[in-house]
Every structure is written in structure tokens, then in C-alpha cells.
Amino acid sequence: MFDTVHDAAHGRHHDGIYNGMPATELGPDGWRKPWSGGNGGSCVEAKRLNDGRVALRQSTDPDGPALIYTNYEITTFIQGAKAGEADFLLG
């Protein structure tokens, strides 16, 4: 299990995982495409980290940055999306 002490001054956890880090540094295993569909392969990939946080990356740029969310943040987002609170994002 990772040490999840947060360094607020740098926005990093002491386990070396931080928001915006190269997604490749999180390894190739465990990435899933829960929101893929008929979009030509352009989708969001998600990976559950050992400490419960969730990493997201763009499937068309797997070497790009990973956005790191706490379990609470991702849960709140998904529940809100299910409730229609993100519908304004739809074209």
C-alpha cells in the first residue's frame, strides 16, 4: 500500500503519484475504457490506484498526463453525472 501523506505545497503524495504526471509512469496494466463507444477509439481510460485514488488519461495520448482523483472526487462526479448534473456538457 502506498504512503498517502499529502504534500499540499507541491500537490503531490509522498508515493510519487501526482496530478498531471506522465500516465506511463503509472504502468501499462490496469487501464480500462469504461466510457468507450462508437467514437473511433478516442475515449477516457481509467485506472484504480492501490490507495483508492483513480487516474484518468486520454486513450489517444496514453503517454500524456494523468489526472488523479480521490475516491470521494470520482464518486461525487459519477453520482452527479448519473443524476444529470453534467448534462450541460453534452452538445
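Positions are given from 1, in the same order as the sequence printed here.
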Practice item. Considering non-hydrogen atoms only, spot the tightest contact between Lys33 and Cys43 and give its length. Key: CD-SG, 3.6 Å
Revision key, fill the gap. Taking every heavy atom of Arg48 against every heavy atom of Val54, the minimum-distance pair comes out as NH1-CG2, 3.9 Å
Check your understanding: What pair of heavy atoms forms the shortest contact from Ile68 to Ala55, and how long is it?
Key -> CD1-CB, 3.7 Å
Check your understanding: Can you check whether Arg53 reaches Asp15 side chain to side chain, under 4.5 Å on heavy atoms?
Key -> yes
Practice item. Would you name the heavy atoms of Pro62 and Ala23 that are closest together and state the gap between them? Key: O-CB, 3.4 Å
Can you list, pair by pair, the side-chain donor-acceptor contacts under 3.5 Å of residues 72-91, counting residues two or more places apart and other chains?
{"unit_1": "Glu73", "atom_1": "OE1", "unit_2": "Thr70", "atom_2": "N", "d": "2.8"}
{"unit_1": "Glu73", "atom_1": "OE1", "unit_2": "Thr70", "atom_2": "OG1", "d": "3.3"}
{"unit_1": "Thr75", "atom_1": "OG1", "unit_2": "Asn71", "atom_2": "O", "d": "2.8"}
{"unit_1": "Thr75", "atom_1": "OG1", "unit_2": "Asn71", "atom_2": "OD1", "d": "3.4"}
{"unit_1": "Thr76", "atom_1": "OG1", "unit_2": "Tyr72", "atom_2": "O", "d": "2.8"}

Point to revise | Under 3.5 Å donor-acceptor, Lys47 side chain and Asp29 backbone | key: yes
Exercise for review: State, to 0.1 Å, how close Leu26 and Met21 come at their nearest heavy-atom pair, and which atoms those are.
Suggested key: CD2-SD, 3.9 Å
Exercise for review: Please report the closest heavy-atom contact between Pro65 and Gly20, naming both atoms and the distance.
Suggested key: CB-O, 3.6 Å
Exercise for review: Scan residues 55-65 for pairs that pass salt bridge (charged side-chain N to carboxylate O under 4.0 Å, His left out), counting only residues two or more places apart or in two chains.
Suggested key: Glu45-Arg57
